Amino acid sequence: MQINRLSDALGAEVIGVDVANIDDDAFEAIHTAFLEYQLLVFRDQALAPEPQIAFSKRFGPIETRPDRPFTLPGYPEVTILSNRMVDGEPVGVISAGDFWHTDLSFGEIPCRATFLHALEVAEEGGDTEWSNIYTAYDTLSEGVKERIADLRGIHVFDRRRNKRAQVDVQFANKAEEVYGVPIPDAVHPIVRHHPETGRKSLYISPRFVVGIEGMDDAKAQPLLDELFAHQVRPEFRYRHTWRKGDLLMWDNPCLIHIGRGDIKPPGIRHMHRTMVLGDRPR
Ligand SMILES: O=C(O)CCC(=O)C(=O)O
């Protein structure tokens, strides 16, 4: 197994691993690299849904939601992200991550790791970008660190309640069905401790955090704007141009990410996503 760093900010490429066939030693090495680099890229994986689910499960309990749109038939654990249309209908979620976010932070127990496997990639467009929120926290001034030390962010799933994240055009005419699902808001520390490394991260995102518990919007919104801008400074980021067969896994407690879209027609980008749950943020 060879591990090559991908950028100063985060990420490493893991060469020489077939994730469908790893033994416990390989798993340990991958796990260690995951904690060190936060995002891992496995190239040239021909991964059926079962081994993707099995590999994901090594990192935590798999997440499923019965009413999630576009799960793979027979595999509620796998969500299809795709811009393919069949008979005028999309076969997957077209723009899954169109605003900076960390997965499932609107839940009481958010996502620990996300696994995204590229079955088809477009010649142009469809990159994904991550930003390191460990570094974002570490580089805050001492004054800001003190100010936010005990604050908690309000994480909301329903885009209609978030002035920074408009309703996705794909779901505009069924907004109630897609965003009106009864998911209670979650309140999480703005400074989160990573469940394994213990490091602190700036655990907020413009897609899900709409306010600060117990703070008037007149104060909270400018503070959030400042923190959101800081989170995505260019030097904290890594942008990935996908190759067919890539499997990426990323560590949600310490990264935020965004799907850049802009796929040039007639390019098709077709992916399978699995997610595993982690701890209650603290
Ligand atoms: O498709 C992408 O590039 C990003 C997907 C994403 O943000 C997600 O699934 O949470």
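Each residue takes its place number in the sequence, starting with 1. Counting convention: from 1, in listed order, for ligands and their atoms alike. The model shown is predicted, which means the values in this text are computed figures rather than measured ones.
Annotation: ligand 1 has protein neighbours L81, A96, G97, H101, D103, T128, H257, G259, R269, R273, each with a heavy atom less than 4.0 angstrom from the ligand.
Close placement of the Y203 and H155 rings is indicated, their centers lying within 6.0 Å of each other. Taking the ring centroids of W250 and H257, they lie under the 6.0 Å cut-off.
Electrostatic pairing of E120 and R269 does not count as a salt bridge here, judged by no charged N lying under 4.0 Å from a carboxylate O. Ionic pairing of R199 and D138 is present here: one or more N-O contacts between side-chain nitrogen and carboxylate oxygen are shorter than 4.0 angstrom.
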Going through the checks in order, is the ring pair (Phe, Tyr, Trp, His ring centres under 6.0 Å) test met by F59 and F115?
-> CA-CA 10 Å; F59 293 87; F115 304 78; 5.8 Å; yes
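Side chains of F70 and S82 form no contact here, defined as non-hydrogen atoms less than 4.5 Å apart.
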